[in-house]
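Please read the structure below before turning to the comments.
Values below: all heavy atoms of this structure, side chains included; hydrogens, waters and symmetry mates excluded. First the proteins, then the strands, lettered A, B, ... as listed; each starts at 1. Keep in mind that this is a model prediction, so the values were computed, not measured.
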6 protein chains.
Amino acid sequence: MERSERAQVLIEALPYIRRFADKVVVVKYGGNALAGSASAEDALELFAADIVLMRLVGMRPVVVHGGGPQISDLMRRLGIETEFRNGLRVTDAATVDVVRMVLIGQVNPQLVAAINTHGPYAVGVSGEDAGLIRASERDPDLGFVGDVESINPTILVGLLDDEFIPVVATIGTDASGQAYNINADTVAGAIAEALDAEKLIYLTDIEGLRRDATDPATLIRQTTASELDELMADGTIAGGMIPKVESCVHAVRHGVRRAHILDGRVPHVLLHELFTDAGIGTMVTERGLS
Amino acid sequence: MERSERAQVLIEALPYIRRFADKVVVVKYGGNALAGSASAEDALELFAADIVLMRLVGMRPVVVHGGGPQISDLMRRLGIETEFRNGLRVTDAATVDVVRMVLIGQVNPQLVAAINTHGPYAVGVSGEDAGLIRASERDPDLGFVGDVESINPTILVGLLDDEFIPVVATIGTDASGQAYNINADTVAGAIAEALDAEKLIYLTDIEGLRRDATDPATLIRQTTASELDELMADGTIAGGMIPKVESCVHAVRHGVRRAHILDGRVPHVLLHELFTDAGIGTMVTERGLS
Amino acid sequence: MERSERAQVLIEALPYIRRFADKVVVVKYGGNALAGSASAEDALELFAADIVLMRLVGMRPVVVHGGGPQISDLMRRLGIETEFRNGLRVTDAATVDVVRMVLIGQVNPQLVAAINTHGPYAVGVSGEDAGLIRASERDPDLGFVGDVESINPTILVGLLDDEFIPVVATIGTDASGQAYNINADTVAGAIAEALDAEKLIYLTDIEGLRRDATDPATLIRQTTASELDELMADGTIAGGMIPKVESCVHAVRHGVRRAHILDGRVPHVLLHELFTDAGIGTMVTERGLS
Amino acid sequence: MERSERAQVLIEALPYIRRFADKVVVVKYGGNALAGSASAEDALELFAADIVLMRLVGMRPVVVHGGGPQISDLMRRLGIETEFRNGLRVTDAATVDVVRMVLIGQVNPQLVAAINTHGPYAVGVSGEDAGLIRASERDPDLGFVGDVESINPTILVGLLDDEFIPVVATIGTDASGQAYNINADTVAGAIAEALDAEKLIYLTDIEGLRRDATDPATLIRQTTASELDELMADGTIAGGMIPKVESCVHAVRHGVRRAHILDGRVPHVLLHELFTDAGIGTMVTERGLS
Amino acid sequence: MERSERAQVLIEALPYIRRFADKVVVVKYGGNALAGSASAEDALELFAADIVLMRLVGMRPVVVHGGGPQISDLMRRLGIETEFRNGLRVTDAATVDVVRMVLIGQVNPQLVAAINTHGPYAVGVSGEDAGLIRASERDPDLGFVGDVESINPTILVGLLDDEFIPVVATIGTDASGQAYNINADTVAGAIAEALDAEKLIYLTDIEGLRRDATDPATLIRQTTASELDELMADGTIAGGMIPKVESCVHAVRHGVRRAHILDGRVPHVLLHELFTDAGIGTMVTERGLS
Amino acid sequence: MERSERAQVLIEALPYIRRFADKVVVVKYGGNALAGSASAEDALELFAADIVLMRLVGMRPVVVHGGGPQISDLMRRLGIETEFRNGLRVTDAATVDVVRMVLIGQVNPQLVAAINTHGPYAVGVSGEDAGLIRASERDPDLGFVGDVESINPTILVGLLDDEFIPVVATIGTDASGQAYNINADTVAGAIAEALDAEKLIYLTDIEGLRRDATDPATLIRQTTASELDELMADGTIAGGMIPKVESCVHAVRHGVRRAHILDGRVPHVLLHELFTDAGIGTMVTERGLS
């Protein structure tokens with residue numbers, strides 16, 4: 001590329017850098033991308049570079065992650081059987097230990113290490129640290145599956161003020177110190193609200209939401225909380241997208257300016273969203289944009 | 001106990017509280033105690049209470065831990081064979097993953113959770129966070145076994161200033177982000193030096209050092225760096241005690257006021273050491289006390 | 001006492017230390033205890049130790065004192081006659097000079113010195129310093145007897161923020177700089193309100209309030225502002241207890257969480273109240289505890 | 001006076017205000033002036049106004065005072081005999097109590113009150129507060145007569161930073177909390193050094209030092225530490241001036257820029273010295289002015 | 001003048017210094033005084049000294065200036081014709097360049113330099129700096145004549161906090177960066193409001209407002225916003241005084257405590273107003289003084 | 001350009017952004033570029049965008065400018081004759097007024113306005129503000145031509161700490177407040193030294209320095225202070241480049257890490273230099289790069 005074109009790209013990023021200076025952006029990174037293929041490693045590197053760039057141009061990124069595939073993998077290797085009740089995985093004591101070990105001890109340090117190849121920026125945090133995620137039992141039959149009861153963002157605020165990039169493993173605890181497995185999508189939304197974030201971004205493996213799930217042409221570029229309520233009510237949005245979409249809806253109704261569902265398979269999709277006007281994935285606001 | 005006796009005990013703690021106000025105390029907690037027996041759980045609770053008390057009366061405790069037994073246990077459950085070269089365990093990629101998973105994902109959160117039953121005090125930190133522990137390869141034949149190359153205490157200082165209790169998992173990384181297994185005793189000493197600690201305390205499963213290893217009557221109450229050099233040179237101190245004793249010697253020669261080897265099996269041994277004049281275990285100073 | 005019992009006492013203090021961390025506790029210390037007998041000196045030492053312990057475990061104690069007996073003593077030695085009108089002592093210019101000399105120059109430094117044997121903690125403050133206590137004349141016939149017109153807590157807040165223990169002599173001044181003698185119990189309550197204190201504690205020479213003044217069995221463990229209003233209205237509470245009780249009632253109605261009337265003759269009664277659940281003396285809250 | 005002349009005076013003060021902005025000026029105020037005549041009261045008012053003006057135009061004044069005449073007066077009223085040994089007053093326990101009562105409880109609040117008629121500026125401090133003056137016994141035969149062992153200026157620095165005017169009563173304590181009577185001139189010098197003062201000013205009842213004690217024409221306008229050493233060695237300077245002159249010499253040799261011996265009987269002599277070029281009294285510098 | 005009289009003048013300034021400590025005082029300095037005669041230079045020196053004195057005794061002065069005569073002069077020298085429409089000067093591109101050059105490059109540095117002969121106090125600021133004055137076009141026919149749309153006082157607050165004296169040239173800009181000529185009287189009022197000033201002072205070439213413009217005996221010493229509304233409505237106040245009076249009225253109705261119209265030809269008129277009770281010029285308050 | 005290429009450019013800027021975070025970069029902007037052609041306006045816009053980008057990605061840019069052509073233009077328009085002595089322009093009172101008016105009132109606001117179309121970033125500063133540039137007369141025959149005597153960077157540090165972009169007009173003053181015309185190249189170097197800048201950049205109208213002035217092929221990419229000394233000594237570097245080159249040499253010998261002479265005619269040349277490894281213009285270091 002020509003020198004002059006490079007300069008042009010940098011200059012065109014100016015208004016976006018200004019707009020997001022000092023703004024908190026919560027990014028939910030899917031566990032799939034970290035599951036171990038060679039290309040996953042590349043994806044992780046690209047993602048890490050994007051996050052570091054966000055931080056260096058003045059944003060305050062917070063990374064939230066789960067780790068479903070890695071958990072299943074270790075369960076399998078340890079020969080722990082998963083019991084299902086009404087289609088939901090039961091999380092017994094042995095399972096929650098595995099979940100914790102994988103999220104905090106495997107996925108989280110992978111993300112931290114990838115970011116920190118650029119410098120001492122990332123700090124791994126679990127929901128158990130400094131009371132970050134207080135959880136409550138969802139259903140005795142499901143064992144240690146928790147709901148977010150409250151977020152104590154003190155530790156995140158402290159790290160952001162010290163210019164670190166927090167990377168959050170979504171384990172919560174109850175008052176007794178018992179660990180719970182919590183949906184990472186839900187945690188991302190709750191943290192975005194607690195931090196009064198400018199943006200909540202879900203990196204997924206779909207292009208975005210569709211008005212007709214079977215028709216790529218119906219990709220939703222921009223939508224509102226109310227429309228998403230309807231699309232969930234009529235079943236258009238279903239399955240694994242529900243926690244993401246519910247969190248988007250809740251977040252934009254509780255102070256988060258914009259929520260996004262982006263295709264994490266597109267290299268540097270975060271930069272496309274943050275530094276250009278290109279419509280990428282699905283953007284959710286509380287009301288329509290005027 | 002009588003009310004008046006209780007008051008008396010509190011009052012007698014006064015001079016110790018004064019002496020250690022705002023002082024950093026690094027405590028190395030042995031992995032053995034966390035390995036899973038019922039009494040271990042009790043020991044953990046006692047330990048957690050001691051640490052919280054230290055913090056609440058104004059000290060700045062930092063907990064450092066390893067996790068040998070728990071690592072061996074998971075290795076076994078996963079069927080990973082351990083290779084030894086010249087009597088030293090070879091740490092290949094699969095092994096370092098297990099080490100990391102256990103230290104950061106199992107032992108660390110257990111400690112954090114135990115402390116946080118008292119309030120949102122503890123924050124888990126790994127050596128990968130914010131570049132805390134920079135490691136270098138010890139010997140290509142041993143794989144990912146690392147030595148401490150440098151300590152960047154920024155994250156610990158930040159957490160201590162925010163009145164948190166850092167709990168450190170002793171994983172280090174090199175510049176490329178590769179994780180290394182590092183001796184936790186050595187890390188504890190290096191962190192004590194980097195933080196200009198008042199005390200470095202090793203909680204072990206022995207009563208203290210002995211001048212004659214076979215004679216309990218030769219327990220060393222108080223010693224100096226030079227004497228310990230001699231005891232290591234003549235073989236009196238050997239084996240697993242070497243990293244601890246070397247770290248004690250190095251630490252008191254680099255600004256740490258006192259180092260202690262205490263018997264972690266004694267309930268509340270930290271409080272005995274910190275709040276009474278009772279001679280507990282072995283105390284190391286740079287020179288003899290005047 | 002056994003080492004393990006000592007540790008146990010410290011550990012049991014934990015929840016109380018946590019509860020009162022950074023909280024202001026205003027303690028009114030009676031002049032009687034300082035009047036000069038050998039045991040008084042001991043009492044002062046015990047009191048000083050309690051106050052220092054409160055400070056060292058993170059509370060923000062403020063000591064307020066009067067000095068009735070010491071004032072009478074110096075009046076007698078100087079041969080100054082006390083005139084009474086309607087049963088109230090008339091405070092003429094000579095008398096207010098004696099009051100000031102005793103409170104600021106004798107009682108206050110005794111308290112400061114006793115506390116400071118533990119370290120440079122206490123700072124004597126009079127109501128004349130930095131406009132702390134603005135007084136107004138109660139009744140021209142009584143001379144320089146003043147009521148609290150307002151409290152300017154700036155100097156106390158400054159000293160507490162610098163981690164000092166303020167010891168307050170209850171002399172007030174009007175706009176012209178004229179000194180006034182003011183009831184120390186009333187000042188203690190006014191200062192507790194101005195500092196938004198957690199607790200206001202009166203150390204007295206009675207066991208606590210009684211529902212029937214003649215029957216020790218009617219000791220009131222816990223009561224409310226309304227009940228105390230009634231007990232004063234029906235004359236159950238009378239005489240010298242009135243300023244204390246009125247101040248308790250006013251204080252709990254103006255933001256102070258709890259007020260206590262304790263028996264200052266019991267050694268370390270402050271520690272009993274603050275570090276145990278034992279019901280000591282009389283506790284006053286705005287409404288009943290739920 | 002004409003409006004325009006008034007303006008002229010203010011404008012001519014400009015360079016002096018600039019020169020002393022934020023500078024510490026320690027003023028030793030003699031006890032004589034407070035001893036009780038009508039004109040003394042006026043003198044006190046003038047002095048207070050000068051001090052407040054210094055503070056309001058940006059200096060950091062510290063007032064230090066003794067109270068010899070007032071002490072003698074109360075001794076007499078209480079019928080306490082003063083014993084002398086080798087011409088020095090013996091300070092027994094009863095005497096030190098009187099000294100303390102007078103300095104802290106009578107003279108100090110008079111100064112504080114006089115200043116505070118202008119606003120909440122002054123805060124009384126004794127050498128016992130926050131360990132300000134640590135004293136040691138001079139001679140067992142003299143009882144509680146102390147020398148300055150060390151100054152802990154923390155409390156003064158704190159008050160100055162909060163823009164208060166500290167007024168210091170010169171009582172010191174030893175480690176046991178025992179009070180000592182200390183020469184106020186010496187304390188003033190020691191405090192000036194500890195605060196790295198710009199000026200140390202003694203307000204006395206003489207016009208200044210003389211080269212020939214009997215000849216007013218030999219008034220010394222400007223001198224150096226060395227010349228004063230000589231004048232003390234040859235007996236020209238003697239008696240009560242010794243502590244002042246010794247303190248001046250010590251102070252200018254330990255960082256204080258200038259020391260002054262002024263005639264406190266001249267109304268507003270502080271303003272003459274600080275806001276004009278008029279040569280007032282005797283000025284001492286380490287070396288001659290170039 | 002006698003030494004004692006000088007001291008008296010300083011002491012009499014005390015209550016005024018206290019009253020205005022830390023208060024913002026916005027002074028509009030007329031361009032006439034800077035137009036170039038020898039006496040103007042003297043006037044500038046006197047004015048500079050007054051402003052420095054205000055700052056040194058603790059006020060926070062802000063100087064605002066225009067420069068009408070100097071603009072006309074340069075226009076003439078450059079041979080630029082001034083066009084008038086409906087009696088108003090049209091400000092075309094060439095004219096606004098001249099206005100900017102004179103205000104920012106000639107008048108402003110003259111004021112800054114005069115003040116800075118006393119020390120590094122003054123900092124020149126134009127309305128273009130840091131978005132201080134946002135302007136909007138008043139009337140397309142008048143060209144670049146602007147109205148104040150908003151004031152962003154960030155740069156002024158920053159300079160005042162760093163203890164500088166801002167000197168403001170009244171050029172504004174619109175969003176595109178286009179400069180506008182703005183009435184300096186109006187800017188002074190808007191800045192006083194934005195800074196929540198204690199006082200807004202106009203230095204003019206009249207003695208003050210009059211109830212009857214032709215009768216010096218009707219000078220208004222003190223008035224209210226409502227009365228001035230009436231005097232403008234009935235035409236008593238007219239012409240060039242309108243922007244000043246309107247700004248006074250608006251300012252006292254928006255938080256500025258007092259506005260003054262003073263005679264800038266009187267030497268040190270600022271000191272007369274600020275440091276004496278003499279009634280100088282016309283004082284405006286929101287309501288009558290009680 | 002493709003989305004992915006854009007992202008790539010941003011990512012490739014990462015290491016440069018990291019390297020220059022919080023670093024001061026002083027940029028000397030030539031007056032030529034502002035002299036008024038259409039393309040000059042474009043150049044100004046490009047320059048402003050570069051400076052804002054530098055600030056937004058975390059650098060601390062300082063702009064220094066002269067204005068030779070604009071000065072000549074106004075001189076001509078005002079009919080002021082320029083006298084030369086020994087080939088040097090004599091700066092009389094009328095001339096220095098023009099210089100000041102042009103630099104502070106015309107060129108400076110143009111730069112400020114251009115930058116502030118992006119937001120309230122730039123603040124114009126002259127050397128007269130807060131004593132920034134203290135000048136001394138070079139030669140009585142030359143009138144008000146000054147040399148830099150000292151730089152007081154307080155105002156620049158304050159603005160940089162408040163995240164503003166200072167734009168400096170190179171007028172200096174002597175103690176009497178007299179303005180002097182000073183070489184802008186020299187000022188840029190002196191400011192870079194006073195601010196301990198990372199870089200000092202001269203934007204010129206040449207491609208860079210040459211070892212043979214007549215041979216473009218001898219462009220110097222990288223050089224040292226010593227080599228430049230030689231090139232000036234042997235006359236290779238001469239004329240208008242002398243002040244720039246002397247300043248580069250002095251600056252790198254006094255703490256500035258690198259100095260650059262760049263071709264300001266190349267659009268976005270600052271970005272090429274700062275965000276790529278491309279060798280642009282001439283880079284000067286103290287010693288050769290290892």
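Counting heavy atoms from C-beta on, the side chains of C/I11 and B/D50 come closer than 4.5 Å.
The choice from B/H268, B/R55, B/H272 that makes the most heavy-atom pairs within less than 4.5 Å of chain C is B/H272. Counting heavy-atom pairs under 4.5 Å between each of B/V57, B/L56, B/L271 and chain C puts B/L56 at the top. Each of C/T276, C/V269, C/V52 has some count of heavy-atom pairs under 4.5 Å with chain B, and the biggest count is that of C/V52.
With a threshold of 4.5 angstrom between heavy atoms, B/V266 approaches chain C through side-chain atoms but not through N, CA, C or O. Heavy-atom distances place the side chain of B/Y121, and not its backbone, under 4.5 Å from chain C. Only the side chain of C/A13 comes within contact range of chain B, with heavy atoms under 4.5 Å apart. For B/I280, the part sitting under 4.5 Å from any heavy atom of chain C is the side chain, from C-beta outward, and nothing else.
The distance from atom CZ of C/R6 to atom CZ of B/R6, rounded to the nearest 0.5 Å, is 13.0 Å. Here the CG atom belonging to C/L10 is positioned 12.5 Å from the CE atom belonging to B/M54, to the nearest 0.5 angstrom.
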Test side-chain contact (heavy atoms from CB on, under 4.5 Å) applied to C/I17 and B/L53, step by step: CA-CA 9 Å; C/I17 294 175; B/L53 186 67; 3.9 Å; yes

